There are 2 protein chains.
Amino acid sequence: MDNFSESANCYECKKSSKYFRELNPSELEFINQNKTQILYRKGETICKQGAFASHVLYISDGLVSSYLESFNNRHINLKILKKSEFIGLSSIYGDNIYNYSTAALKDSTICMIKKDSFRKLLTSNGSFASEIIKGYCENENQLFNKILSLGSKQMHGRLADTLIYLHNQYLQEEKIFSYLSRKDIAEFAGLSTESTVRLLTEFKKDTIIDIIGKEIKVLNPDLLKEISRRG
Amino acid sequence: MDNFSESANCYECKKSSKYFRELNPSELEFINQNKTQILYRKGETICKQGAFASHVLYISDGLVSSYLESFNNRHINLKILKKSEFIGLSSIYGDNIYNYSTAALKDSTICMIKKDSFRKLLTSNGSFASEIIKGYCENENQLFNKILSLGSKQMHGRLADTLIYLHNQYLQEEKIFSYLSRKDIAEFAGLSTESTVRLLTEFKKDTIIDIIGKEIKVLNPDLLKEISRRG
DNA sequence: AAAAATAATTGAGACTATTCAATGTTTCAA
DNA sequence: TTGAAACATTGAATAGTCTCAATTATTTTT
């Protein structure tokens, strides 16, 4: 196992994370003492829906996809997580299990922070807690979008939603499409892979998007939004 | 307008709410001074998705349904809220708007609490804040279920999920079905009303449920769960 | 560089779910 | 108590989506 990196420390993360920014030096040191850093290889499962959640996970570096698994072995992709985002926050106070699975889209360095340690910080540092709650709220909003998309739209609208999501600046910086298969895109939209391929071709024919290898460029974002709106 | 009730006070709510239980007398009095109580009639909209959210709402008494509205004027029902639950919590730190709509299923008494007042309590009282966060987490979990249901199951599975949800003890106490139309049930499952009716008839024929007027009784919960699992 | 494995694409047919229209039922107010 | 309105049910036609199988392209391994 060369998976454990040589003692990385949390001071680095203070720079990049809006959450860690709220921590003072002694709090940072506290977290530093109570974490383990692990390197996950592309494709590996980082946490598994239903598994016991003893730690909160922090993406120190990498690209991670989060998804829900159903009994009939289908996946619904929730979102792509980047550097300096948390995984499994809601297991702190809620159920003691991960409510979703995550997998590395590329090699990713993950810090595992003990839940009690994390909870201690939350109670001792109000502005840290506020930042975390803010994160919850934004997240909830995205889940509502997802519900609306899956529950009230048909193929075109759902794929439009997916493309709009994947095309946000934040993900484009990472060349996100180079890490996603057609199946991945389909699992965002809640469609079969074949339907997704057919629709993408159709969108391309209508010059809404352009497809260059894995990369998908949006040529007509307004029309895409219109398709999303129409459902 | 006889909508404003004669100064009800928060001490009553301390008994029934797991949240208010965490507040001390002066905090209760503080909230009491910063709230307005309003009676909503059956069918009235209590808060509207997209509207400016200046208050956190608390269901002092009644029965409320929360739902998402899409552009193409479809509704997706999220959950039924009862006495002593909050509406619009996530507008405290997140967006300044309601992320979903709510409507009274029967006459309901709602307390409107100013957001800043509520926020003050959150920062001053850690265990109150923890209870609220806990609420978030449970809620999130339900949203995941919804996403999985809408995104990975077909009609039978989705309706099974809906019936399972509506049959929890907590809602049965309220004779929930007497307040729900077929359309309401359909909007929980993300189906058309007609498909819902057809499926209910089918479930009845298979003695999975019994239908007596508006009331729906579950005769075979295990089979219902199996249908849910199969998707 | 060839072979093997994986991913993307396409078409046809089967299945799923909705819409529209017609009819029956319940509720509620005048 | 009757009529109007809202709700529930049913059937038929249509539209939407998936599955399966075959083919082509790409990536990975040897």
Side-chain angles (χ1 to χ4, degrees), chain A residues 41-43 65 70 72-77 103 105-107 149-163 177-205 209-216 227 230-231, chain B residues 41-43 65 70 72-77 103 105-107 149-163 177-205 209-216 227 230-231:
Chain A
R41 298 293 178 187
K42 179 177 178 160
S65 97
S70 74
N72 40 338
N73 200 31
R74 287 163 182 281
H75 289 186
I76 298 289
N77 285 334
L105 285 176
K106 66 176 180 190
D107 293 0
S149 184
L150 295 174
S152 75
K153 300 183 187 183
Q154 27 195 78
M155 295 204 300
H156 292 74
R158 299 224 292 265
L159 186 60
D161 286 335
T162 297
L163 292 176
F177 284 109
S178 64
Y179 301 103
L180 299 177
S181 67
R182 295 297 188 248
K183 183 157 178 283
D184 292 326
I185 297 175
E187 288 175 347
F188 264 107
L191 299 176
S192 72
T193 305
E194 293 93 329
S195 292
T196 301
V197 168
R198 269 184 272 266
L199 269 185
L200 285 173
T201 310
E202 190 186 324
F203 281 2
K204 184 180 177 176
K205 230 176 267 165
I209 61 172
D210 198 9
I211 302 176
I212 308 133
K214 303 203 90 181
E215 174 67 16
I216 297 175
I227 291 168
R230 290 246 187 89
Chain B
R41 299 293 179 186
K42 179 178 179 159
S65 96
S70 74
N72 40 340
N73 199 31
R74 287 163 183 280
H75 289 185
I76 298 289
N77 285 334
L105 285 176
K106 65 177 180 188
D107 293 0
S149 184
L150 294 174
S152 75
K153 300 183 187 183
Q154 27 195 75
M155 295 205 299
H156 291 74
R158 299 224 293 265
L159 186 59
D161 286 336
T162 297
L163 292 177
F177 283 109
S178 64
Y179 300 102
L180 299 177
S181 67
R182 294 298 187 246
K183 184 157 178 283
D184 292 326
I185 297 175
E187 288 176 347
F188 265 107
L191 299 177
S192 71
T193 306
E194 293 93 329
S195 292
T196 302
V197 167
R198 269 184 272 268
L199 269 185
L200 284 173
T201 310
E202 190 186 324
F203 280 3
K204 183 180 176 175
K205 230 178 267 166
I209 60 172
D210 197 9
I211 303 175
I212 308 134
K214 303 203 91 184
E215 174 67 16
I216 296 176
I227 292 168
R230 290 245 188 89

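This structure is a prediction, so every number in the text was calculated from the model and none was measured. Chain identifiers are assigned alphabetically (A, B, ...) following the order of the sequence lines, protein sequences preceding nucleic acid strands; residue numbering begins at 1 within each chain.
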Problem set entry | Donor-acceptor pair under 3.5 Å, R198(B) side chain vs dT16(C) base | no
Problem set entry | Nucleotide dA8(C), atom C1' - distance to CG of L191(A) in whole Å | 16 Å
Seminar exercise, completed: Of the candidates dA8(D), dT19(C), dA8(C), the side chain of S181(A) sits closest to dA8(C)
For this session: Take the protein atom NZ of K183(B) and the nucleotide atom P of dT26(C), then report the distance between them rounded to whole Å.
Result: 21 Å
For this session: Using a strict cut-off of less than 4.0 Å between a Lys/Arg side-chain nitrogen and an Asp/Glu carboxylate oxygen, indicate whether D107(A) and K42(A) qualify as a salt bridge.
Result: no
Exercise. Counting only N and O atoms by type, is there a donor-acceptor contact under 3.5 Å from the side chain of R158(B) to the main-chain atoms of A189(B)?
Worked result: yes
Exercise. Within the pair S195(A) and dC18(D), is there a side-chain N or O less than 4.0 Å away from OP1 or OP2?
Worked result: yes
Exercise. Between atom CD in Q154(A) and atom P in dT17(D), what is the gap in whole Å?
Worked result: 4 Å
Exercise. Taking the nucleotide of DNA chain D with the closest heavy atom to each, which residue, R74(A) or K214(A), is nearer the 5' end?
Worked result: R74(A)
Exercise. Taking the side chain of M155(B) as its heavy atoms from C-beta onward, which of dA17(C), dC18(D), dT9(D) lies nearest to it?
Worked result: dA17(C)
For this session: For the pair R198(B) and E202(B), find out whether any cationic side-chain nitrogen is under 4.0 Å from an anionic carboxylate oxygen.
Result: no
Exercise. Tell me: NE2 of H156(A) to P of dA15(D), nearest whole Å?
Worked result: 14 Å
Seminar exercise, completed: Rounded to whole Å, OH of Y179(B) lies from P of dC7(D) at a distance of 16 Å
For this session: Starting from C1' on dC20(C), measure out to CD on E194(B) and report it in whole angstrom.
Result: 8 Å
Seminar exercise, completed: Out of dA8(C), dT19(C), dT19(D), minimum distance to the side chain of R182(A) belongs to dA8(C)
Problem set entry | Separation of dT10(D) P from L200(B) CG (nearest whole Å) | 11 Å
Exercise. Should T201(B) be listed as having a side-chain N or O under 4.0 Å from OP1 or OP2 of dT10(D)?
Worked result: yes
Seminar exercise, completed: K153(A) atom NZ is separated from dT18(C) atom P, nearest whole Å, by 17 Å
